[in-house]
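Below is one structure; the comments refer to it alone.
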Amino acid sequence: MTDPHGTGDPPMSYAEKYRGTEWGRPEPAPAPPRPPRSRGPFVAAVVAVVAIGVAALGIGALALSPSKPVANLGSLPSAGAASVDQPTAVPTPSPTPDPGKAVMDKVWAVVNAPDLSYHMTARGTSKFDRQKKVSVTESVDVVGDDFSGTYKIPAGTARIARKAGVVWAKGAGPRFGLQLSTRTLRLTPFLCIQMPAWLDYVKPVTVDGRHLHLLRSNRFYRPDIPRMGLLVRFPYEPDRMTLDLYVTDAGVPVSGTFAVDLTGTDSAGRHTFHDRVDYTFSKVGGKFRIVVPKR
C-alpha cells in the first residue's frame with residue numbers, strides 16, 4: 001500500500017471555529033532571533049552528530065558511550081421598533097457537531113492522562129546529503145514518566161529505563177544511573193504535545209484496512225527535537241518539521257511519524273539533513289512492569 005505517513009490534504013484550522021475555547025489558537029510568542037543563514041558550522045556539526053558521533057545518539061548513549069553521558073539533554077429588534085412591521089424571529093438551528101473536534105477531544109483526554117501507559121517502538125533514520133548515516137531502534141514499555149526497554153544503534157544495544165527520576169542504562173559495561181530531568185530523556189508529555197492547539201484534525205483515513213483519523217502538527221508545535229528525532233542534539237531552527245499522528249475513533253494513538261529537514265552551506269556547496277522517526281503504539285492502557293537493568 002502507499003505509505004500513509006507524511007501525506008494528506010492540508011490540515012483544517014480550528015482557530016476561527018472555536019475561538020475562545022481551549023481549542024482556539026494562542027497568539028504566537030515573539031519569534032526568537034533567526035540564526036545566520038550561513039550554516040557552515042551546521043554542516044560540520046551535523047557531520048559530527050551523524051557520521052562520527054553515532055555512539056552518542058539519544059538515551060542509549062548513556063550506556064554505549066559511558067564516558068560522555070548525555071546531560072542537559074440577524075440581530076434582535078430594538079425595544080422602540082414598531083411591532084407591526086417586524087418579521088417573525090426564526091430560531092437559530094443548533095450547529096452540526098464537528099466529528100473532527102470530537103476526535104481531538106478524545107485524543108487529548110487519552111494522551112494528557114498523567115499515568116498513560118503503552119508500548120512504543122520507534123525507528124529512526126538520519127540522512128546527510130541524502131545518504132543514510134544513522135539508524136536507531138527503540139522499544140520501550142511506558143507508564144507515565146517511567147519506561148524500560150532497549151535502544152539500538154549501529155554501535156550496539158543498550159538496556160534502558162527511567163524510574164523514580166533516575167535514568168538507567170547498561171550496554172557492554174556495568175550498569176549506571178543518572179538522576180536527570182532533561183526533556184530529552186523523558187517521555188512526558190506524549191510526543192511533546194503540551195496542548196491540544198498544537199495539532200489540527202486533517203481527515204479520516206484507512207490504513208491497512210483500518211479506519212483511523214489523521215492529525216497533524218501546526219506552526220505552534222514546539223517539541224524537543226532531539227527527543228522526537230532520537231538525536232543527541234539539534235541546536236538549529238529547522239526548515240520544515242511535522243508530526244503526523246494516527247488515532248482511532250476513541251482517540252487512542254496507533255502510529256505517528258516525526259520528520260525534520262534542514263539545509264546549510266559551506267565551501268563545498270549546499271548540504272541537506274533529513275531525520276525521520278516512525279512510531280507505533282500498542283497496548284495503550286495496559287499494565288506494565290518497569291524493569292531497571294541488572295548490573
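Heads up: numbering here begins at 1 and tracks the sequence.
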Point-to-point distance, once rounded to the nearest 0.5 Å, from [atom1] of [X] to [atom2] of [Y]:
| X | Y | atom1 | atom2 | result |
| --- | --- | --- | --- | --- |
| H274 | K133 | NE2 | NZ | 15.0 Å |
| Q194 | R222 | CD | CZ | 11.0 Å |
| S126 | L231 | OG | CG | 5.0 Å |
| L245 | S255 | CG | OG | 7.5 Å |
| T188 | N112 | OG1 | CG | 10.5 Å |
| L262 | D239 | CG | CG | 5.0 Å |

Would you say that [X] contacts [Y] through its side chain, given a criterion of any heavy-atom pair below 4.5 Å between the two side chains?
| X | Y | result |
| --- | --- | --- |
| F258 | P223 | yes |
| M241 | D261 | no |
| T257 | L243 | no |
| T125 | V134 | no |
| R183 | C192 | yes |
| P253 | V110 | yes |
| T150 | E138 | no |
| V142 | F190 | no |

Does any N or O in the side chain of [X] come within less than 3.5 Å of the main-chain N or O of [Y], such that one atom is a donor and the other an acceptor?
| X | Y | answer |
| --- | --- | --- |
| T265 | R270 | no |
| R276 | V260 | no |
| D129 | Q131 | no |
| D200 | N218 | no |
| T248 | A250 | yes |
| D266 | A268 | yes |
| Y279 | M228 | yes |
| W108 | P196 | no |

Q. Crowded around R175 CZ? As in, over 12 foreign heavy atoms under 6.0 Å?
A.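 Yes - once you tally the heavy atoms of other residues, nucleotides and ligands closer than 6.0 Å, there are more than 12.
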
**Q.** Side-chain ion pair, R216 and D244, N-O less than 4.0 Å
**A.** yes

(Q) So that I can tick it off, tell me whether D145 and R186 are bridged by a salt bridge, with the cut-off set at under 4.0 angstrom between side-chain N and carboxylate O. (A)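 Here R186 pairs with D145 in a salt bridge, since their nearest N and O are under 4.0 Å apart.
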
Can you hop from [X] to [Y] via hydrophobic side chains spaced under 4.5 Å?
| X | Y | value |
| --- | --- | --- |
| V291 | F147 | no |
| I290 | L178 | no |
| V143 | V111 | no |
| L199 | V252 | yes |

Can you give me the closest heavy-atom contact between [X] and [Y], atom names plus distance?
| X | Y | answer |
| --- | --- | --- |
| K170 | P293 | CB-CB, 3.9 Å |
| D275 | G229 | OD2-O, 3.0 Å |
| P189 | I193 | CB-O, 3.6 Å |

**Q.** Working for side-chain contact (heavy atoms from CB on, under 4.5 Å), residues L212 and V254
**A.** CA-CA 9 Å; L212 299 173; V254 173; 3.9 Å; yes

Q) Who are the side chain to side chain donor-acceptor pair (under 3.5 Å) partners of D249, not counting sequence neighbours? A)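 Testing D249 for side chain to side chain donor-acceptor pair (under 3.5 Å), a comparison that skips the adjacent residues, returns H211, H213.
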
Q. Taking only residues two or more places apart in sequence or in another chain, which ones pass side chain to side chain contact (heavy atoms under 4.5 Å, CB included) with K283?
A. F288

With a cut-off of 3.5 Å and sequence neighbours excluded, list every side-chain donor-acceptor pair involving residues 114-122.
unit_1, atom_1, unit_2, atom_2, d
S117, OG, G286, N, 3.3
S117, OG, G286, O, 2.7
H119, ND1, V140, O, 3.1
H119, ND1, D141, OD1, 2.7
H119, NE2, S139, OG, 3.3
T121, OG1, T280, OG1, 2.2

Q) For the ring pair Y246 and F281, is the centre-to-centre distance below 6.0 Å? A) no

